[in-house]
Amino acid sequence: MRVGIFNSAEEASKEGAKIIVEFFSRKPASTLGLATGSTPLMLYAELRKAYANGDFSLHNSLAFALDEYVGMDSDHPQLYRNVLKEELVGDDKTGLSDANLRTPNISHPDPDVAAINYEAAIQAAGGVDLQILGIGADGHIGFNEPGGSLSSLTHHEVLASQTLEDNARFFDKDSDQVPRTCITQGLKTIMNAKNLLLLAFGESKREAVTQLIEGPVSAKWPSTVLQHHPSVIVLVDEASAGDLELSELYRTRWQMLKHID
Ligand code: PGA
């Protein structure tokens, strides 16, 4: 794990965009894994800038969302497919086409089957080359809530009450409006991505960040499974990194070693 600690979320997001742009310049047409939530928004803005400058393009790429709410109307603005379209799709954004943005099919009558189909689609595409991740205050990645299998594939999942509360801000501050279930890539699915780039900002993520980097691997903090992944970059701000015991070492390692092949 490479841990980059930055003064602000903005600096960390700029670094994240730089890493993605460099990765795609070396490996154009790579498959990108997309996160939603507030965390990657500055990163996506930087990618749009890089596209406008001619430094980056998703024209020839597939992109797979990490997760999607179940039970929402297809035109709801908070449906993750619609959020990601707003952020990235089109020749005025990053060149990603609507057809190449892949999200779980929530119009399927059986979410379990939709999950299996989504897993198969990721595998048929040859897997994800670079997966962007956020992290929940409860340690979830994707929507893999605490207590699930560390080896799960894409599946139908319930949202923990902490997540319903955290996401209420996207639904008129009313947690009752947040969908109760979702389809999420599983932890094994995420572990199958070749490279992972996780961002976490703010004090509310401090415990999750500490557990992710320094805690024991446990289903209680699902993101800790990433300690077993060979290529993970974690970009954090000072606020979320405040309880890391070994931050000095992470800073030195960040300065002296390469982060990603
Ligand atoms: P956030 O959510 O970026 O909105 O904080 C992250 C997550 O739940 O994975």
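Just so you know, ligand 1 is whichever comes first in the structure, and atom 1 is the first atom listed for that ligand. The structure displayed is predicted, hence computed values, not measured ones.
Shown here are the ring-ring contact (aromatic ring centres under 6.0 Å, His included) partners of His155, two or more places apart in sequence or in another chain: there are none. Remark: Phe56 pairs with Phe24 by the ring-ring contact (aromatic ring centres under 6.0 Å, His included) rule, at least two apart or across chains.
Residue pairs meeting the salt bridge (Lys or Arg N to Asp or Glu O under 4.0 Å) criterion with at least one partner in residues 197-216, sequence neighbours excluded, are Arg206-Asp243.
Side-chain rings of Phe171 and His76 approach one another, their centers coming within less than 6.0 Å.
Protein residues with a heavy atom under 4.0 Å from ligand 1 are Gly37, Ser38, Thr39, Gly134, Ile135, Gly136, His140, Arg169, Lys205.
Under the side-chain contact (heavy atoms from CB on, under 4.5 Å) rule, Leu159 has a single partner from Pro179, Cys182, Ser175, which is Cys182.
The aromatic rings of Tyr80 and Phe143 sit parallel, their planes meeting at an angle under 30°, below the 60° perpendicular limit.
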